[in-house]
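What follows is a short report on a single structure.
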Amino acid sequence: VTFDFRGTLACPSGAAPFSMGVRSDGIAHVLFNDGNLFAVDLKDAHCEATSYAPGQLGFEVFGLGYAQREDGSEELFVSDIDYPNELSKGLGRIDTEDFTLSFVGPFVNEPGHRIELTAVTEQLYAFVLDEAVGGGYLAEVDKDTGEMTSFTVVPIGSGIGSWHFAHWGDSFYFFAEPSGTDVTDVWRFSPEGNLTLVTSIGEAVPGAGVAPCEALR
């Protein structure tokens, strides 16, 4: 696995990147930890502010993931991450035309409150950290209700401070930074359920997503 540097992220913010969702045209929507949302072109990391108003419906910070509709268009889904509380508020979606956030529903059967999102075409997935299982749970998410099903334990380690994941090829890739370190471990989780440490990076990884190669040229 190799990593290609695309440019320096210079968004007009004094905060730090928190999470991102990547659209198939190579545009990433990047949430900063002050609640502001930016649009980043992954060809060169050019960043522009959006009209998103932080704190809508009480969603302060959240995971992001794009999933396809049946007609092939894409929707940006978000998962509330509410650190002081035991459970997340649930699943929402952001309209990227007017940047309003609407509530979909609570994460029924949710095993924790630290939740990131990604998708495989139309199917939305969540990864929920859980120290008790030495990593977390990979679950399918109903885009219409927020219900979680099909839980699979993925033991990427305990004490994770920052975590993100994406699906590429036939596998999920997890980016996990143990708390107190400056290293991000990259794990591959295969369709057969095999978990392999692919590499480690001496940098924090604040988000993950996938776009076709032609969108990045």
Side-chain angles (χ1 to χ4, degrees), residues 1-52 54 61-68 72-79 81 93-97 99 115-121 124-127 156 160-179 181-190 196-217:
V1 173
T2 59
F3 294 90
D4 179 26
F5 181 72
R6 309 299 296 192
T8 299
L9 193 61
C11 297
S13 173
F18 182 84
S19 183
M20 76 175 182
V22 178
R23 206 164 58 196
S24 62
D25 62 359
I27 298 298
H29 281 101
V30 181
L31 178 75
F32 277 53
N33 59 13
D34 61 358
N36 283 294
L37 188 67
F38 298 90
V40 177
D41 189 333
L42 297 182
K43 294 186 185 72
D44 56 9
H46 175 73
C47 181
E48 293 184 356
T50 72
S51 61
Y52 179 79
V61 291
F62 40 81
L64 301 94
Y66 270 99
Q68 288 186 4
S73 60
E74 295 167 286
E75 290 181 292
L76 180 57
F77 289 89
V78 297
S79 54
I81 300 173
R93 57 165 60 87
I94 293 176
D95 184 328
T96 52
E97 293 296 324
F99 288 96
I115 301 168
E116 270 286 0
L117 298 174
T118 197
V120 181
T121 60
L124 188 65
Y125 287 87
F127 184 66
I156 58 173
I160 302 299
S162 176
W163 77 108
H164 304 279
F165 77 125
H167 187 272
W168 181 75
D170 63 354
S171 300
F172 287 97
Y173 287 82
F174 294 86
F175 298 78
E177 181 186 358
S179 296
T181 73
D182 294 318
V183 174
T184 297
D185 295 325
V186 183
W187 299 87
R188 176 179 180 262
F189 188 64
S190 74
T196 305
L197 180 62
V198 176
T199 189
S200 295
I201 311 167
E203 301 284 348
V205 176
V210 172
C213 291
E214 55 268 23
L216 305 179
R217 296 191 180 104

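- The aromatic rings of F189 and F174 sit perpendicular to each other, their planes meeting at more than 60°, with 30° as the lower class boundary.
- A donor-acceptor contact shorter than 3.5 Å is absent between the side chain of H29 and the backbone of G21.
- When all heavy atoms of S24 and P212 are compared, the closest pair comes out as O-CD, 3.1 Å.
- Contact record, Y52 with G35: CE2-O, 3.6 Å, taken as the closest heavy-atom pair.
- Residues V205 and S162 approach most closely at O-OG, 3.8 Å, considering heavy atoms.
- Between I27 and D25, the closest heavy-atom pair is N-OD1, 3.1 Å.
- T50 places a side-chain N or O within 3.5 Å of a backbone atom of L37 that can act as its donor or acceptor partner.
- The heavy-atom pair separating N33 from F18 by the smallest distance is N-CB, 4.0 Å.
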Item to check | Worked check of ring-ring contact (aromatic ring centres under 6.0 Å, His included) between F172 and F127 | outcome: CA-CA 11 Å; F172 287 97; F127 184 66; 9.4 Å; no

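- Between L124 and T118, the shortest heavy-atom contact is CD1-O, 3.4 Å.
- At distances below 3.5 Å, not a single donor-acceptor pair connects side-chain atoms of E75 with backbone N or O atoms of R93.
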Next on the checklist: Please determine whether side-chain contact (heavy atoms from CB on, under 4.5 Å) holds for the pair D34 and S13, giving the CA-CA distance in whole Å, both sets of side-chain angles, and the decisive distance to 0.1 Å.
Outcome noted: CA-CA 9 Å; D34 61 358; S13 173; 3.4 Å; yes

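- A salt bridge links R6 with D4; the closest basic N to acidic carboxylate O contact falls under 4.0 Å.
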